[in-house]
2 protein chains.
Amino acid sequence: MEEQNKKILLVEDDPNFGTVLKDYLMMNDYDVVHAKNGMEGFEKFKKDDYDLCILDVMMPYKDGFTLAKEIREKNTDVPIIFLTAKAMKEDVLKGYKVGADDYLNKPFDSEVLLMKIKAIMQRKATDSVADSKQFEFKIGRFDLNSKLRFLKFDGGDPSKLSPKENELLRLLALHENDLMPRELALTKIWRDDNYFTSRSMDVYIAKLRKYLKPDPNVEILNIHGEGFRLVINNKSE
Amino acid sequence: MEEQNKKILLVEDDPNFGTVLKDYLMMNDYDVVHAKNGMEGFEKFKKDDYDLCILDVMMPYKDGFTLAKEIREKNTDVPIIFLTAKAMKEDVLKGYKVGADDYLNKPFDSEVLLMKIKAIMQRKATDSVADSKQFEFKIGRFDLNSKLRFLKFDGGDPSKLSPKENELLRLLALHENDLMPRELALTKIWRDDNYFTSRSMDVYIAKLRKYLKPDPNVEILNIHGEGFRLVINNKSE
DNA sequence: TTCTTTTGTTAATGTATGGTTAAACCTAAT
DNA sequence: ATTAGGTTTAACCATACATTAACAAAAGAA
């Protein structure tokens, strides 16, 4: 299972410096999107979710503070680090007023920047687990807890599911009694759609069928060339 | 409810500068306790709860970093700001490794310090309040006192826990019966997430399991690739 | 039908992660 | 300097997971 790298938006108009910094950050396992000016920076910010923004203060057309204010209107939480050439007190204060998390004077030591980034990410590492996502499903006589990755039959002893088993069953459950397109699972879970991932998915379907066997009213049907369907029959009728 | 002023521990050996800074902060509605050296600083820290620590790095007998480490053993969350006369890169890195929240070079502008304090306080205010002030836990037949680092079995003789053992068990208890993500413990307790800290954590899990063995209804389960789960079975029902 | 493609299923393989113990290391206190 | 407590690193083993291969069976197309 692949760890998701943290995503950084870097807005810096100096092409040389920007590229060097971007490469340095990427070498340290961050995903970096580099925007060359404030305008572009805001566009990119709106299009994606970022874990951190690094903004140059002095930029043509739209300076870092203005950009920060726009960003804050959309998102009150993203950490922001300002880069500035001169250490003007007014600038520093202005930065903190806009909600800066930190401040760096150019030229700065790249290692120091790395430490600051780490420190900020750690602060944000709050228990984000309590996501409002949906983690619990009733599947016939089964209970799927998708967060703890277990499947209980009739409230008995739970079987542990592997990450892939869990994700796949969850996707099926989300489309209960409806088509769950093959392609959807492949792009969402396997992040790639080719012959091998497709076969891998079939293997997991087989595993899930085994798990679900105890309840004859639950089954995973194939829709040839389309995908799968988790059907739950209601005896009562 | 009445608005309680934020409490700041200021550790600064220069009596003139210290007093001026203390007065300035108090004028800005902070409660400030001023310690004249590292020793005294630690004593005062143990005696009370603070919202922020401002530590001078260069002090006789016990420097700011050492003090910070001691403080961190008692409390992983208090924000710490370092003050330093010289801007040595090694010092800055050292500071962040100990878990600094910010760093200021003397002489600095007092307004800038104020802004940093405000920014940090704001951050803490929005950070999950949930895990803030909970120090006592019932874990099956065990009682964990996380402040004194004691673990009692059936009210008997308490075992003394090391700081890491204690923090880890506390985090697990906070997420009782639920997932405690690996990453969370690593960033909150180890302040770094890499192969070695991760292995170190596994070692501590093994230690905790040993402690908890006397009660068969308490166990720490692993969720492969995700984290751990402290389960407490209620046999009584 | 016959041929081709898609799916079902099981087993083998390789890699990543976790469990556990002991030794090494570090640092504060003696 | 020595020691003791705490933490990290190393080593070795066990388990969990995902992928791939292999072959059988179904479904659809010709």
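Computed from a predicted structure; not experimentally measured. First the proteins, then the strands, lettered A, B, ... as listed; each starts at 1.
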Counting C-beta onward and ignoring hydrogens, is there a side-chain heavy-atom pair between [X] and [Y] closer than 4.5 Å?
X	Y	value
B/Met180	B/Leu168	yes
B/Leu230	B/Leu208	no
A/Ile54	A/Val32	no

- Short side-chain N/O contact from A/Lys210 to OP1 or OP2 of C/dG8, under 4.0 Å: no
Spacing of [X] atom [atom1] relative to [N] atom [atom2], expressed in whole Å:
X	N	atom1	atom2	value
A/Asp193	D/dT19	CG	C1'	16 Å
B/Leu208	C/dG18	CG	C1'	15 Å
A/Tyr211	C/dT9	OH	P	15 Å
A/Leu169	D/dC17	CG	P	15 Å
A/Asp202	D/dA18	CG	C1'	14 Å
B/Lys69	C/dA29	NZ	P	12 Å
A/Ile205	D/dT19	CD1	P	14 Å

- Task: Without swapping roles, check the side chain of A/Asp51 against the backbone of A/Lys7 for a donor-acceptor pair under 3.5 Å.
- Result: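 It does hold such a pair.
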- Message: Tell me whether A/Arg149 contacts the main-chain N or O of A/Leu161 through its side chain, where contact means a donor paired with an acceptor under 3.5 Å.
- Response: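 At least one qualifying donor-acceptor pair exists.
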- Verdict with reasoning, B/Arg229 to B/Asp178, per salt bridge (charged side-chain N to carboxylate O under 4.0 Å, His left out): CA-CA 6 Å; B/Arg229 191 158 83 96; B/Asp178 202 353; over 6 Å; no
- Task: Indicate, with yes or no, if the rings of B/Phe142 and B/Phe137 have centres closer together than 6.0 Å.
- Result: no
- Hey, are B/Lys94 and B/Asp91 close enough for a salt bridge, meaning a charged N less than 4.0 Å from a carboxylate O?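 No salt bridge links B/Lys94 with B/Asp91.
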- Task: May I ask you to decide whether A/Arg141 forms a salt bridge with A/Asp154, counting only side-chain N to carboxylate O separations under 4.0 Å?
- Result: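 Salt bridge present between A/Arg141 and A/Asp154.
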- For B/Ala206 and B/Glu70, take the nucleotide of DNA chain C holding the closest heavy atom to each; which residue's nucleotide lies nearer the 5' end?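 Whichever sits nearer the 5' end wins; that is B/Ala206.
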- Taking the nucleotide of DNA chain C with the closest heavy atom to each, which residue, B/Ser198 or A/Arg182, is nearer the 5' end? A/Arg182
- Close approaches to DNA chain C from residues 221-230 of chain A, in residue order (heavy atom, under 4.0 Å): A/Asn222, A/His224, A/Gly225, A/Phe228
Please list each protein N or O that sits under 3.5 Å from an N or O in nucleotides 6-13 of chain D, with the distance.
| residue | atom | partner | partner atom | Å |
| --- | --- | --- | --- | --- |
| D/dT7 | OP1 | B/Lys164 | N | 3.3 |
| D/dT7 | OP2 | B/Ser162 | OG | 2.3 |
| D/dT7 | OP2 | B/Tyr204 | OH | 3.1 |
| D/dT7 | O5' | B/Tyr204 | OH | 3.1 |
| D/dT8 | OP2 | B/Trp190 | NE1 | 2.8 |
| D/dT8 | OP2 | B/Ser200 | OG | 2.7 |

